[in-house]
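Because the structure is a prediction, the values reported are computed rather than measured.
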Amino acid sequence: MNTGLGDAYNLGWKLALVTQGRATERLLDTYEAERRPVAADVLKNTTANTNLLLGNSLISRLFRDYLFVPAMRLPRFSAGFRPKGLSSM
């Protein structure tokens, strides 16, 4: 969601300047070059985290089963992952 907000903000201010005549349409051509690396980084990190937590390798299973899952049971750790407004389990 944060990526989408960043995309909208980036395109929004550019469109505003172009429609107001304060910038040329060439400004819009910079959108993809600026936002594509952000999207690629998010995809890379999401894929790495998914593979770590759901992967089939011995290392990922050990991490998940003996470190991550037990840590999620600790209130101090799990509070950062729980949506606000939900009571602890």
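In plain terms, the two heavy atoms of Arg64 and Leu54 that are nearest each other are NH1-CA, 4.0 Å. Between Thr3 and Arg35, the shortest heavy-atom contact is O-NH2, 3.4 Å.
Atom CG of Asp29 is separated from atom OG1 of Thr24 by 8.0 Å, given to the nearest 0.5 angstrom. Note that the CG atom of Leu5 and the CG atom of Asn10 stand 12.5 Å from one another [nearest 0.5 Å]. Rounding to the nearest 0.5 Å places CG of Leu67 at 9.5 Å from CG of Asp65. For the atom pair Thr19 OG1 and Glu25 CD, the distance stands at 10.5 Å (nearest 0.5 Å). Here CG of Asp7 is found 11.0 Å from CZ of Arg36. Values are rounded to the nearest 0.5 Å.
With hydrophobic clusters built from ILVMFWY side chains whose heavy atoms lie under 4.5 angstrom apart, Phe68 shares a cluster with Leu74. Following chains of ILVMFWY side-chain contacts shorter than 4.5 Å, one can reach Leu15 starting from Tyr31, so the two form part of one hydrophobic cluster. A continuous path of Ile, Leu, Val, Met, Phe, Trp and Tyr side chains, each step under 4.5 Å between heavy atoms, connects Leu11 with Val18, placing both in one hydrophobic cluster.
In this structure the side chain of Leu27 reaches within 4.5 angstrom of the side chain of Trp13, judged on heavy atoms.
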Going by atom type alone, with no hydrogens or angles, which donor-acceptor pairs under 3.5 Å involve a side-chain atom of residues 41-48 and a protein atom two or more places apart or on another chain?
unit_1: Asn45; atom_1: ND2; unit_2: Asp41; atom_2: O; d: 3.3
unit_1: Thr46; atom_1: OG1; unit_2: Val42; atom_2: O; d: 2.8
unit_1: Thr47; atom_1: OG1; unit_2: Leu43; atom_2: O; d: 2.8

